[in-house]
Amino acid sequence: MCWILGLAQSPVSKPNIVFILADDLGYGDLGCYGQEKIKTPNIDRLAKEGMQFMQFYAGTTVCAPSRSSLLTGQHTGHTFIRGNKEIEPEGQYPLADSVQTFAQLLQQGGYRTGAFGKWGLGMVGTSGAPDKKGFDRFYGYNCQRQSHRYYPTHLWDNDRKVVLEGNGLVHKTTYAPKLIQQRALAFMEENRKTPFFLFMPTVLPHAELQGPDDEYYRWYRGRFEERPHNGQDYGVGASTGGYASVDDPRATFAAMVSRLDAYVGEVLDKLDELGLAENTMVIFSSDNGPHKEGGADPDFFNSGSGFRGYKRDLYEGGIRVPFIVRWPGQVTSGSRTDFQGAFWDIMPTLVAIAGLKQPNYTDGLSFLPALRGRNGEQSQHPYLYWEFHEGGGKQAVRSGKWKAVRLAVQSGQPITELYDLESDPKESVDVAAKYPAIVSRLEAYMDRSHQESAVFPFQR
């Protein structure tokens, strides 16, 4: 294969790793995955220079448990955080002391580590705070409820509260994503002489639909027929977790995706400027499928690429996500793979790339052979498993071409649907009655995969 070029037999120094994680970005929101209304030239460039995964999945269908799955290398039947459990006045239920993330493994292996964006896995001072889970530096929103606002009252710089003067939920003065982006670029500059892991869990393009009147917004203003959204505006009495009104939600959403794309371009340009691009793996993905909050209109943009469902569904539209990897000299430019993987595969893969010992508690497997085009050496999952604790309890399994979705789990009378994704990728025809033996096998996988949690009980 042309990717080798004599490099595979040579020792490669530990690569830098940049992981950009979008928030609620749909599989179809990018040009390289079929988007026609929104411009994403930089992410499309990333795909042209790397590998696109066509059948890759998030940890689950909402933020905190999906990110827990990502960082711990465990699916949602095992990972510690299983839902969005809020803590007052700020933060979410924390990862336990006993939970180890792959950032901790990279840190122990000599990497400088930084996270810039949204955390949501433990407030400052708790066992789940970023500095307790492998990050030398954190800057951004610790609390995902706070991240509903793009002009928040404050951010966090490690354990220091950074008050954003002029915001206060009354006025929109300081646009938080820009500050976070600046700190992320500075992290690369400051650590250019040592291997680093840069995690960028951006809040874009999650609702609320808000942003500056910049070139990205002006690309789309007046381009689409609009229906204004009435929300909870900035001003006296505004709450942290609300979503503001917006006159042109479609143009605003498109601008948010293009602004995210521009931030990706800035990362790629910074790597070029520092001479680091050749020894840096860049990963881009999203934490779950597209949302319908705050005036967002995923059907108009075909954000789910025709797949059934949205955020909070375990159908393909809720959990299948874009996943792109660029790694010069190791990954063939413009390549694609149908490897069926998920967030829990990222830990073993990055640990392998860093030359570290594999943990024995992960549900994942390394997809490094697939990245290098060695498909014959790539292990495959017998099945992938998800669970979701809202909406009466949901479970799903993908095994080869088969996908089972079990609904109303907590009712005591669950219903299992079965889909053949090879012939019916949109999950439009339930064939459970036709293939009872397959349903039984996939239900057995569900039962085997779930371990009950005292903190996030599922079997009620």
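We use all heavy atoms of the structure for the numbers below, so side chains are in, but hydrogens, waters and symmetry mates are not.
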Going by the angle between their ring planes, with limits at 30° and 60°, are [X] and [Y] parallel, tilted or perpendicular?
{"X": "His381", "Y": "Phe339", "answer": "tilted"}
{"X": "Phe307", "Y": "Tyr27", "answer": "perpendicular"}
{"X": "Phe343", "Y": "Phe19", "answer": "perpendicular"}
{"X": "Phe199", "Y": "Phe135", "answer": "parallel"}
{"X": "His389", "Y": "Phe456", "answer": "perpendicular"}
{"X": "His206", "Y": "His291", "answer": "tilted"}

[Y] and [X], any side-chain heavy atoms less than 4.5 Å apart:
{"X": "Leu121", "Y": "Gln92", "answer": "no"}
{"X": "Lys311", "Y": "Val62", "answer": "yes"}
{"X": "Glu390", "Y": "Phe388", "answer": "yes"}
{"X": "Phe458", "Y": "Gln410", "answer": "yes"}
{"X": "Lys37", "Y": "Tyr220", "answer": "no"}
{"X": "Gln340", "Y": "Ser399", "answer": "no"}

So which pairs with a foot in residues 284-307 pass salt bridge (Lys or Arg N to Asp or Glu O under 4.0 Å), sequence neighbours left out?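 Checked against salt bridge (Lys or Arg N to Asp or Glu O under 4.0 Å) - neighbours excluded - the pairs reaching residues 284-307 are Arg67-Asp287, Arg250-Asp297, Glu293-Arg312.
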Would you list the pairs meeting salt bridge (Lys or Arg N to Asp or Glu O under 4.0 Å) in which at least one residue belongs to residues 232-244, sequence neighbours left out?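 Every pair satisfying salt bridge (Lys or Arg N to Asp or Glu O under 4.0 Å) with a residue in residues 232-244: there are none.
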How far does [atom1] of [X] sit from [atom2] of [Y], to the nearest 0.5 angstrom?
{"X": "Trp119", "Y": "Leu95", "atom1": "CH2", "atom2": "CG", "answer": "6.5 Å"}
{"X": "Arg137", "Y": "Asp131", "atom1": "CZ", "atom2": "CG", "answer": "12.5 Å"}
{"X": "Tyr57", "Y": "Ile319", "atom1": "OH", "atom2": "CD1", "answer": "6.0 Å"}

More than 12 heavy atoms of other residues, nucleotides or ligands under 6.0 Å from CD of Glu36: yes or no? no
Lys85, NZ: over 12 other non-hydrogen atoms inside 6.0 angstrom: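 Check passes, neighbour count above 12.
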Cation-pi between Arg183 and Phe116: NZ/CZ under 6.0 Å from ring centre and within 45° of the ring axis? no
Using the salt bridge (Lys or Arg N to Asp or Glu O under 4.0 Å) criterion, which residues pair with [X]? Sequence neighbours excluded.
{"X": "Arg227", "answer": "none"}
{"X": "Lys403", "answer": "Glu316, Glu427"}
{"X": "Lys401", "answer": "Asp420"}
{"X": "Arg149", "answer": "Glu208"}

Ring centers of [X], [Y] separated by less than 6.0 Å:
{"X": "Phe197", "Y": "Tyr111", "result": "no"}
{"X": "Phe301", "Y": "Phe224", "result": "yes"}
{"X": "Phe367", "Y": "Phe53", "result": "yes"}

Any side-chain donor-acceptor pair under 3.5 Å between [X] and [Y]?
{"X": "His450", "Y": "Gln395", "value": "no"}
{"X": "Tyr139", "Y": "Gln182", "value": "no"}
{"X": "Thr40", "Y": "Gln35", "value": "no"}

Nearest heavy-atom neighbours spanning Asp345 and Gly341: OD2-CA, 3.2 Å
Which atom pair, heavy atoms only, marks the closest approach of Ser245 to Gly231? OG-N, 2.7 Å
Whether the side chain of Thr362 engages the backbone of Pro359 through a donor-acceptor N/O pair (distance < 3.5 Å, no angle test) should be reported.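 Not at all, since once roles are kept as given, no pair shorter than 3.5 Å links the two residues.
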Tell me whether Ser69 contacts the main-chain N or O of Gly59 through its side chain, where contact means a donor paired with an acceptor under 3.5 Å. no
Before accepting this row, confirm whether a basic side-chain N of the pair Asp44/Lys39 lies closer than 4.0 Å to the acidic partner's carboxylate O.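 Salt bridge absent between Asp44 and Lys39.
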